[in-house]
Undergrad: 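Pasting in a structure now, in structure tokens, and then I'll have a few things to ask.
Fair warning: this is a prediction, and the values are worked out from it, not measured in the lab.
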Amino acid sequence: METIRFVERFIVYIEDHLREDIDFSEVLENMGVEQKSFMTIFTSLVGMTPSQYQEKRRMTEIAYEVYQGHRRLVDIIKYYGYRDVDSFKKLYTRTFGISVHETERNIKKIDLLDYISFEVVPTKKPKYPSYRSFVESFRLIGIAQYFDINSYHSDYKYKFLKILERDGLIDEILRYNDGFVKGIFVQERFVDGEIEIFVGTASYQHTPFDETFTETMNYEVFETSGEPGVAIDKVYEYIFRRWHFRENVNMTCDFSLELIKHTYSFEDPTTKIQVWQALDE
């Protein structure tokens with residue numbers, strides 16, 4: 001429960017600095033917190049990254065001010081750190097699905113974020129089948145992409161997957177899949193101040209792609225199916241809100257690893273997926 005209390009305290013920190021440009025990497029480093037671990041836990045509990053939470057809360061406060069009509073829009077957005085009115089209007093429409101000028105008559109319909117709360121209930125009946133396995137480090141070949149931790153959104157890795165699929169690179173990577181595990185791995189970790197997303201497959205061959213190695217670990221392997229962008233997030237929500245409170249294990253969260261059993265399309269709801277949660281035992 002200490003992890004949950006820390007996330008709650010961090011939410012208070014964001015609220016206290018809502019109008020500022022928070023350097024999340026620096027704040028977490030000063031707190032002595034491993035950035036990727038915290039991002040995984042925060043996103044799994046809250047349902048969005050810290051930067052997404054801050055942006056949604058800002059937009060919510062602005063929506064209330066627009067609805068109340070006591071100040072000009074230009075003064076409101078400057079107060080919350082936005083300088084360009086046209087850019088802000090586009091962001092507002094993207095966030096709420098309506099224009100700023102439609103706020104007054106739609107205030108009760110738009111998706112506002114007044115406060116964040118998350119239910120934590122130890123599970124008695126498993127929601128997903130899983131098994132525990134010790135796996136030696138193995139080689140992945142594929143493509144890496146890097147993102148600024150301060151602007152990283154939880155859906156970036158799924159967008160990256162779809163870009164690689166669209167460009168035919170997933171099929172090209174899978175041609176080299178001669179390792180003991182079949183499918184596409186997605187590994188997320190914190191490297192040199194950035195979030196690294198590595199999309200690849202197990203292979204022993206010489207290839208034109210990048211290479212990395214997985215960690216030698218005990219893993220709890222959860223199995224599900226569905227569109228990766230939805231199904232994987234639901235598994236992590238289950239792990240952090242329910243499963244691990246029942247288990248007498250410590251989890252390693254400085255990287256995450258998922259296996260997608262490739263089908264015709266990543267949008268196929270029958271796509272088989274495994275979430276490999278590393279255990280510190």
Side-chain angles (χ1 to χ4, degrees), residues 10 14 21-44 46-56 87 91 94 137-174 176-177 179 181 183-203 206-217 227-230 232-233 235-236 251-260 262 266 273 275-278:
F10 199 80
I14 295 174
D21 291 330
I22 302 174
D23 187 333
F24 291 104
S25 180
E26 181 179 347
V27 172
L28 292 171
E29 184 176 352
N30 291 339
M31 290 180 174
V33 177
E34 202 284 318
Q35 287 94 330
K36 175 59 178 69
S37 297
F38 181 77
M39 291 283 285
T40 297
I41 295 167
F42 188 100
T43 303
S44 299
V46 178
M48 61 191 80
T49 64
S51 63
Q52 285 176 298
Y53 176 83
Q54 182 188 22
E55 183 176 286
K56 189 65 176 289
S87 296
L91 179 60
R94 187 164 66 246
S137 173
F138 57 92
R139 178 176 179 258
L140 294 178
I141 62 95
I143 300 173
Q145 181 68 276
Y146 297 86
F147 302 92
D148 180 358
I149 192 172
N150 291 310
S151 59
Y152 185 66
H153 282 210
S154 54
D155 61 348
Y156 280 8
K157 66 180 177 182
Y158 307 119
K159 291 180 179 178
F160 182 42
L161 270 173
K162 289 180 179 179
I163 290 171
L164 295 180
E165 182 181 45
R166 181 199 66 195
D167 294 345
L169 290 168
I170 293 294
D171 288 335
E172 184 66 22
I173 291 170
L174 283 169
Y176 298 95
N177 187 190
V181 182
I184 285 290
F185 277 98
V186 182
Q187 181 171 262
E188 182 179 284
R189 59 184 178 175
F190 186 70
V191 177
D192 296 331
E194 296 180 300
I195 294 291
E196 178 196 73
I197 305 297
F198 190 96
V199 175
T201 197
S203 177
H206 176 73
T207 79
F209 295 106
D210 300 328
E211 72 171 12
T212 190
F213 291 84
T214 65
E215 297 284 345
T216 298
M217 300 288 292
E227 184 180 346
V230 176
I232 290 174
D233 288 347
V235 174
Y236 280 118
M251 298 188 296
T252 297
C253 302
D254 53 1
F255 71 94
S256 59
L257 190 63
E258 300 100 36
L259 173 65
I260 302 172
H262 187 52
F266 283 135
I273 299 167
V275 172
W276 292 33
Q277 177 57 55

Undergrad: OG1/T214 to CD/Q187 distance, rounded to the nearest 0.5 angstrom?
TA: 7.0 Å
Undergrad: Locate the shortest heavy-atom distance separating E34 from C253; write the atom from each residue and the value.
TA: OE1-O, 4.4 Å
Undergrad: Where do F209 and I141 come nearest, in terms of heavy atoms and distance?
TA: CD1-CD1, 4.0 Å
Undergrad: Can you tell which of T201, I163, L164 makes a side-chain contact (heavy atoms from CB on, under 4.5 Å) with I170?
TA: L164
Undergrad: Donor-acceptor pairs under 3.5 angstrom involving side-chain atoms of residues 143-150: please list them, not counting sequence neighbours.
TA:
unit_1: Y146; atom_1: OH; unit_2: E196; atom_2: OE2; d: 2.7
unit_1: D148; atom_1: OD1; unit_2: N150; atom_2: N; d: 3.0
unit_1: N150; atom_1: OD1; unit_2: F24; atom_2: N; d: 2.5
unit_1: N150; atom_1: OD1; unit_2: S25; atom_2: N; d: 3.4
unit_1: N150; atom_1: ND2; unit_2: D23; atom_2: OD1; d: 3.2

Undergrad: Find out whether I197 and L161 are in side-chain contact, i.e. whether some heavy atom of one side chain is under 4.5 Å from a heavy atom of the other.
TA: no
Undergrad: Please tell me if the side chains of Y236 and T43 come closer than 4.5 Å, counting only heavy atoms from C-beta onward.
TA: no
Undergrad: Determine whether K36 and S256 make a side-chain contact, defined as any pair of heavy atoms from C-beta on separated by less than 4.5 Å.
TA: yes
Undergrad: Here's a test for you: under side chain to side chain donor-acceptor pair (under 3.5 Å), which of K157, Q52, E188 qualifies with Y152?
TA: E188
Undergrad: Please name the pair of heavy atoms, one in T252 and one in Q277, separated by the smallest distance, quoted to 0.1 Å.
TA: O-NE2, 3.1 Å
Undergrad: Looking only at heavy atoms, which two atoms of S151 and Y156 are closest? And how far apart?
TA: O-OH, 3.4 Å
Undergrad: Can you tell me how far the CD atom of E227 sits from the CD1 atom of I260, to the nearest 0.5 Å?
TA: 10.5 Å
Undergrad: For Y176, is there any backbone N or O sitting under 3.5 Å from a side-chain donor or acceptor partner on S203?
TA: yes
Undergrad: What's the shortest heavy-atom distance between F213 and S137, and which atoms?
TA: CB-OG, 3.7 Å
Undergrad: How many angstroms lie between CZ in R189 and CD in E194, if you round to the nearest 0.5 Å?
TA: 12.5 Å
Undergrad: Spell out, as yes or no, whether a donor-acceptor pair under 3.5 Å connects the side chain of E165 to the backbone of D171.
TA: no
Undergrad: To the nearest 0.5 angstrom, please state how far the CD1 atom of I232 sits from the CD1 atom of I273.
TA: 5.0 Å
Undergrad: Taking the six-membered ring for Trp and the single ring otherwise, decide whether the centroids of F185 and F138 are under 6.0 Å apart.
TA: yes
Undergrad: Any side-chain heavy atom of V27 sitting closer than 4.5 Å to one from F38?
TA: no
Undergrad: Regarding T49 and S51, do their side chains bring together a donor and an acceptor under 3.5 Å, going by distance alone?
TA: yes
Undergrad: What's the spacing between I195 CD1 and T40 OG1 if we round to 0.5 Å?
TA: 7.5 Å
Undergrad: I need the minimum non-hydrogen distance between E55 and L91, along with the two atoms involved.
TA: OE2-CD1, 3.7 Å
